[in-house]
Number of protein chains: 2
Amino acid sequence: MREARVAVIGATGAVGSVTMRILRERGFENVRAFASARSAGSVLADGAVVEEATPDALAAGEIDIALFSVGTQASRELVPHAVRGGAVAIDKSSAYRLEPGIPLVVPEVNGDRVADHEGILANPNCCTIPLTCVLKPLHEAAGLRAVRVSTYQAVSGKGAARAEQLRREPVEQHDVGFDWTWEGAETDEESKIRAESQKVLELPALPISATTVRVPVLVGHAEAVWVELEEELTPEQAETVLGEAPSLRLVDTPTPAASARTDEVLVGRVRRDPAAENGLVLFLACDNLNKGAALNAVQIAERVLDTAWRPLTSA
Amino acid sequence: MREARVAVIGATGAVGSVTMRILRERGFENVRAFASARSAGSVLADGAVVEEATPDALAAGEIDIALFSVGTQASRELVPHAVRGGAVAIDKSSAYRLEPGIPLVVPEVNGDRVADHEGILANPNCCTIPLTCVLKPLHEAAGLRAVRVSTYQAVSGKGAARAEQLRREPVEQHDVGFDWTWEGAETDEESKIRAESQKVLELPALPISATTVRVPVLVGHAEAVWVELEEELTPEQAETVLGEAPSLRLVDTPTPAASARTDEVLVGRVRRDPAAENGLVLFLACDNLNKGAALNAVQIAERVLDTAWRPLTSA
């Protein structure tokens, strides 16, 4: 598996550079870095020389796994070429997430779905990944009836340039706001959390209400979550369930700073919601560049290589 | 009314200095500034010389309205002396808020309660004030059944020293967290929002679930709010109701920065909550030092002077 030929497309970006680091740390030996023409030729921290992500280069049949960390439009343009060349594409943009037939995967939640791919697998939104990691074990224990979530999202989720802007702006300008595209009364981020969580959890009718908010923090997304359950689950029982679930770490006070550079989703502050019969409130934090994006995609790649590995023919 | 003898106790603090400014702006002509021995003798921006807030000075019978912006412990010690001297004390700490018989007042919500005082009136928590301003008109229109709220609170709510710390810390240290006292699984801030809102709204059994979070912003508290109503209210109807309510300003995107130095509570992003039958989601922002604290207390003073004015006898 570690010998698989892996390509990172968008390797110089905020998530792409974390992906490069994670692949090295997890023992991948055969990793190439791709980016736009502007970055081609530059040398990364680990010595990799960046290649230009042209359709021909991606379709040349020399890639087994192509990890895309580019914008939605660029993904739509480039992913098909990698697939045409025989690669399995794992896409971090929203281009393919909700497309029927394309698996949207959080390995801990619906990892079996990797077997269903026809060349493309999609990586969920940075809020959906930790949220579904927390919701899945609660659903298995007591049945989800409704979910409400408000987010505290780091600016690095908006890209390296936005993080640099936060570094430079006076603290007096720090604000809390909604820097997404609007779709009527909701942001597209709020729609994504609902639709993607429903798909990942395979609960297409689960009511989910999200308010997504950007806060002046560099790394780490946090979420305040209310769940209504079919059956009673005490806060203590919920803590036991969450403490035993994969990729979760139960802590007293999950915060973005504590989540930075950790692989797990931090979860805690579990208590009763007095406003619902079987309601719980909790708080989670997750490194939005790591498990919220790059690590999840690498884990999908590992799952693909373990469960669906087959020799790929060169084009 | 403008001739009333007003004392601001804690006049050099974050909220006290805003209180001094607001009193000037609203035409109060007879304002004295009090603070601890450490600040006594210093001269404020407006020329007022700070007097020491000793029990004797406060009980001397020369104050009609005493606005306290000191800590809970200091309020417990000093407020009774001002009352003994014949003043009406308006206290911004949590010392008296939940005490039976002491009115806890948001003038727009339960202003009639000022008439019930026996010397002390309490000013609610900085999150409770804007929340109840928004909840009251919704309750009158369709009946409140349950409320969930997650907050985005500015560091100035924690005092001037905490604001100065934010100014100085590197942006890499900016975090989102819970810097309150814990009462079991909840912070005291979360308990306060529930208990104070129930008292102000005069709905002692209303289920309210709060998650209170500090964010790295200097001024302006924001709140993501879910309400369940007895009767249906469309988002459009709710906007009409909120737009006509006192002290609210309907905007597309309420943010802390937009709320800073404004008197009104900004409210918007009203939409359906798919997780409840008659559920709405909305977002609000409010200057935590202004309407969230100092202005509300001054408005209580104005209400006391208008509705319950009587000549006070010197001690």
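Letters A, B, ... mirror the listed sequences (proteins, then strands); counts begin at 1. Here the structure is a predicted model, which is why all the values come from computation and not from measurement.
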Taking 4.5 Å as the heavy-atom cut-off, does anything in [range] contact chain A, and if so which residues?
{"range": "residues 269-278 of chain B", "result": "B:Arg269, B:Val270, B:Arg271, B:Asp273, B:Pro274, B:Ala275, B:Ala276"}
{"range": "residues 151-162 of chain B", "result": "B:Thr151, B:Tyr152"}
{"range": "residues 237-245 of chain B", "result": "none"}
{"range": "residues 169-188 of chain B", "result": "B:Val171, B:Glu172, B:His174, B:Asp175, B:Val176, B:Gly177, B:Phe178, B:Trp182, B:Ala185, B:Glu186, B:Thr187"}

Measure distances from [X] to the heavy atoms of chain B and classify the residue's part below 4.5 Å as side chain, backbone, both or neither.
{"X": "A:Ala210", "value": "backbone"}
{"X": "A:Arg145", "value": "neither"}
{"X": "A:Ala257", "value": "both"}
{"X": "A:Leu206", "value": "neither"}

Could you tell me which of A:Pro216, A:Ala224, A:Ala260 has the largest number of non-hydrogen atom pairs under 4.5 Å with chain B?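 That would be A:Pro216.
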
Could you have a look at A:Thr253, A:Val213, A:Val215 and say which one has the most heavy-atom pairs with chain B under 4.5 angstrom?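 It is A:Val213.
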
Is the CZ atom of B:Arg167 crowded by more than 12 outside heavy atoms at less than 6.0 Å?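 Yes, because the 6.0 Å sphere around CZ of B:Arg167 holds more than 12 heavy atoms from other groups.
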
For B:Arg24, does the CZ atom sit with more than 12 other heavy atoms under 6.0 Å from it, leaving out its own atoms?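 Correct, the count exceeds 12.
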
Tell me, out of B:Pro235, B:Ser209, B:Ala222, B:Gly268, who's got the most heavy-atom pairs with chain A below 4.5 Å.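 Heavy-atom pairs under 4.5 Å are most numerous for B:Ser209.
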
For chain A, which candidate among B:Val219, B:Asp252, B:Val149 shows the most heavy-atom pairs at distances under 4.5 Å?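 Highest number of pairs under 4.5 Å: B:Val149.
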
Would a 4.5 Å heavy-atom cut-off, applied to side chains only, mark A:Ser150 and B:Phe283 as touching?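 A side-chain contact is absent here, since even the closest heavy-atom pair is not under 4.5 Å.
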
